[in-house]
Protein chains: 2
Amino acid sequence: MDDMPSQSSPLNQDLIQSLKDLLGEKGWTDDQEIISPHTSDWRGNFVGHSDFMVSPSTTEEVSEVMKLCHRYGQPVCPQGGNTGLVNGGIAYGEIVLSMARMNNVRSIDTFNNSLVAEAGCILANVHTAADEQDRYFPLSLGSQGSCTIGGLISTNAGGVAVLRYGMMRDLLLGMEVVTANGEIWSALRGLRKDNTGYDLKHLFCGAEGTLGIVTAATLKLFPKPKTATAWLTLETPQKAVELLSLVRKHAGDSVTGFEILPKVGVELAAREIDAVRDPLPNEAPWRILLEVSLASEDHAQDVLQTVLEKALEDSLITDGVVAASLSQAEMFWHVRESLPLVKRGFLTSVNHDISVPVSKVPQFLETTEAAMKEMVPDVEIFAFGHLGDGNIHYGVAERTDAENPTVKAKSLDITFKVHQIVTDLGGSISAEHGVGLLKRDELPDHKSETELNMMRSIKKALDPENLMNPGRVISVR
Amino acid sequence: MDDMPSQSSPLNQDLIQSLKDLLGEKGWTDDQEIISPHTSDWRGNFVGHSDFMVSPSTTEEVSEVMKLCHRYGQPVCPQGGNTGLVNGGIAYGEIVLSMARMNNVRSIDTFNNSLVAEAGCILANVHTAADEQDRYFPLSLGSQGSCTIGGLISTNAGGVAVLRYGMMRDLLLGMEVVTANGEIWSALRGLRKDNTGYDLKHLFCGAEGTLGIVTAATLKLFPKPKTATAWLTLETPQKAVELLSLVRKHAGDSVTGFEILPKVGVELAAREIDAVRDPLPNEAPWRILLEVSLASEDHAQDVLQTVLEKALEDSLITDGVVAASLSQAEMFWHVRESLPLVKRGFLTSVNHDISVPVSKVPQFLETTEAAMKEMVPDVEIFAFGHLGDGNIHYGVAERTDAENPTVKAKSLDITFKVHQIVTDLGGSISAEHGVGLLKRDELPDHKSETELNMMRSIKKALDPENLMNPGRVISVR
């Protein structure tokens, strides 16, 4: 953590007083009971500390806060819903800058299919606002009840609709940012085409707060999809990859979900969680949750039926069922969403968020499982996720009641090996969770010095004093 | 053109000799007959000059060329198919760096739906390579027989499929770049998800060669679309915007084309160009070319029929026809593609490539036409283009045989006024053509100093010696 603030450096009291005067009592706190939930993550993996937290309520206040911090050389740690998994939003001595009070949906333009939301907006509230206008905002993930638009942009969040709609950056039409020196860059124009220079929003998106503070964004809306959902069981990941190709041949580019689940995970979920059951209990080691979106539900159902018959014919699947009702489809998705919970609850696991080209997922799974079995005697591979994107959440696990628990003890070796295989296959060691502090010092093993130097130059160009979430993603020292 | 090389500065002969030795006779020329087509644009609007042109055949050669140019402080002007419209790829004393010899499709991964193409690949050849593997690369525009992948990336090209598939940047999975100091950044991994730091490819995309040289890219492929096409006539652009909303309600997110054409343009094309006729000759002042892509042609046809009936019912359109055959659909598109030609051939016009939010297109057209009629007595407004993207190609025209031609004489005032209205409506003065030198000095009227300063900092960070296409897009002097 070389270029992070010293844990003991006291805050300048003139700065603190100026911030208090600027924001008023609703806008700041030094009460540790209020601050501490913001300086640790919900899983309790990371515990930081901060003596002062600001919660501006307008873009102008964020700008004034940054002007003051810039004048006093005070680093800040911007924070959204604090649902991150890579230790990117936890303060270690910096002032916490919470965006929670900037939570308005500023406007919706139904003819332009766009919505302007402030950084502190909860994702679920954006879903509702779009829905009320008969529109759809596709980004969807487990934490949508608490994660915020600003955090989703700063981490370029993924989720279960990426296959069809892309990551968060693909859903951005505009952005409002406060720079490291407190200037406001307002580019909220909801334009689908604008070729007037470097596209800066793609720099701030995914920068994890290290280049500036996203205060608002213009988001793309879509027509509400008419979907059909199927649950399939199959023998190998290779057959799953071929199945995806078959589906796209029949359903075109309308595949909106293609999630892979392991038998072991589905069984565990069915056993441990109420209202979760295995839709098709059988011996096949893998399941696929498949969703297509077309112009009408009937047509989507027809397409899935055709695909199912063809897939059985080609013995790509051992069995399959198309959800007969919305509630049955929701039940299928409920199984998928319960997997992270059962993994956390009933297994000890070392987890990875990796991606490889879709065509190489089978090779990745095969190679890595073999390597893990050599390292951990009673290993349970708990691999699931967004096969359609080549993104697998790869858990190297063991029953919590294992006789000689070894996963945690060997976690560093395990992660080193998994990430090595990923890189050999041309993959990414962080498909959707980001870098933060957790993976920062691993990047040099997986990226060229040329790329890291370009990242450093850009960080220095936009944040020369290194005040924006210093040390996360890339170290400039 | 403040920070462009002096037109008289002679090239360093040691550098020239080193480049000759490096590249061999196929890789360089100082023959003006060969160079001159590269130092002027196909419309003859811009005429530059260069004493030396290099044509490297590998990424390593590009790297060595840039190392030499970096050592000697020699600026370069990278060039693809030279089909640009904004004076971004014409040399004014720099060495021309033509990517024409790097024209291989390196690989195709059908299960990953990706293709790796070198910068010099002609777009039409990428279409063919994808087609041969039963895949589809959607980017499509008039110059596809000569424009290259590198140029399309450097200008973030748009075209007629943006509504559904996005601009060039949305079709990029990876990139290979030679930096200003000659290093090779290779990131061709065809990953759909990778959150390991700043997404640099989005900086190089749209930078018009000012940050580095794109030498290859990994492109997204799609299933071949099953389309249906309709030709509609209507009274006002407002009805066209409402029609788009109606289509999306019935066709979901499957609308792949929504082009607006003026009656005057279609009539002119039908009169002047063989094989072009007005599919529905009537008095309605506007036509819409509508295309939807679904899982099957039949279903797409059904959806369009439904939309047509509903649109007539709601009197959004005065008439409409769904293409009964592929050849009829191609005829519709032929009319669309002929509009730029007839405008250039039979009218004197001052042209603009603008965008506004889709919802504001009607207001833009109304306000601007009124303003133009005040400035030009016999003005013919020739407005057409990608209404679904809010992108209008706006020609302020006159019959070439006009008694007192005034458009050309007043072109500066006309463009100033059009762009002023665009900016007042929150639009862009270059939706898809880029900035180059043509629009560079206009940017300060339309972008904040904060944004321009960020662009300058990034240019200085990645090209400190200002050797990459200096002076285009943004001036750092």
Legend entry - Closest-packed option against chain B by number of heavy-atom pairs under 4.5 Å, given A:G434, A:G158, A:S430: A:S430
Inset, instruction - Sort A:A251 into side chain, backbone, both or neither according to what part of it lies under 4.5 angstrom from a heavy atom of chain B. - result: backbone
Legend entry - Separation of A:L203 CG from B:D199 CG (nearest 0.5 Å): 8.5 Å
Inset, instruction - Heavy-atom distances under 4.5 Å only: say whether A:P357 touches chain B with side chain, backbone, both or neither. - result: both
Inset, instruction - Side chain from CB out, backbone as N, CA, C, O: work out which of these in B:S293 comes under 4.5 Å of a heavy atom of chain A, or both, or neither. - result: neither
Inset, instruction - Identify which of A:M167, A:K460, A:M455 forms the greatest number of heavy-atom pairs closer than 4.5 Å to chain B. - result: A:M455
Inset, instruction - Measure A:H299 against the heavy atoms of chain B and call it side chain, backbone, both or neither at under 4.5 Å. - result: side chain
Inset, instruction - Please confirm whether the backbone N or O of A:N156 pairs with a side-chain atom of B:N195, one donor and one acceptor, at under 3.5 Å? - result: yes
Legend entry - Heavy-atom contact with chain A under 4.5 Å, split by part of B:S254: neither
Inset, instruction - Measure the spacing between CD1 of A:I458 and CE of B:M454 and express it to the nearest 0.5 Å. - result: 13.0 Å
Inset, instruction - Take A:Y136 and B:D253 through the side chain to side chain contact (heavy atoms under 4.5 Å, CB included) test and state the conclusion after the steps. - result: CA-CA 11 Å; A:Y136 176 66; B:D253 193 33; over 6 Å; no
Legend entry - salt bridge (Lys or Arg N to Asp or Glu O under 4.0 Å) evaluation trace for A:K360 with B:D109: CA-CA 10 Å; A:K360 291 184 174 166; B:D109 181 340; over 6 Å; no
Legend entry - Donor-acceptor pair, side chain of B:K447 and main chain of A:T196, under 3.5 angstrom: yes
Inset, instruction - Please state whether the side chain, the backbone, both or neither of A:L163 comes within less than 4.5 Å of a heavy atom of chain B. - result: neither
Inset, instruction - Could you walk me through whether A:F111 and B:E242 pass side chain to side chain contact (heavy atoms under 4.5 Å, CB included), step by step? - result: CA-CA 7 Å; A:F111 282 133; B:E242 288 164 29; 3.6 Å; yes
Legend entry - A:V303, part contacting chain B, at a heavy-atom distance under 4.5 Å: side chain
Inset, instruction - Determine the option with the most heavy-atom pairs under 4.5 angstrom with chain A, choosing from B:R456, B:H386, B:E208, B:E442. - result: B:H386
Inset, instruction - Specify which of A:G427, A:G206, A:P225, A:S448 makes the most heavy-atom pairs with chain B at under 4.5 Å. - result: A:G427
Legend entry - Stepwise side chain to side chain contact (heavy atoms under 4.5 Å, CB included) test for A:N113 and B:V358: CA-CA 8 Å; A:N113 286 287; B:V358 175; over 6 Å; no
Inset, instruction - First locate atom CG of B:N112, then atom CG of A:D389, and finally report the distance between them rounded to the nearest 0.5 Å. - result: 10.5 Å
Inset, instruction - Let me know if A:D353 has heavy atoms under 4.5 Å from chain B in its side chain, its backbone, both or neither. - result: neither
Inset, instruction - Apply side chain to side chain contact (heavy atoms under 4.5 Å, CB included) to A:K193 and B:V162, showing your working. - result: CA-CA 9 Å; A:K193 287 174 152 186; B:V162 173; 3.6 Å; yes
Inset, instruction - With rounding to the nearest 0.5 Å, note down the distance linking CG in B:D170 to CG in A:D170. - result: 6.0 Å
Legend entry - CZ-OG distance between B:R192 and A:S428, expressed to the nearest 0.5 angstrom: 14.5 Å
Inset, instruction - Tell me, for A:S186 versus chain B, whether the close heavy atoms (under 4.5 Å) come from the side chain, the backbone, both or neither. - result: neither
Legend entry - Proximity breakdown for A:K249 and chain B, heavy-atom pairs closer than 4.5 Å: both
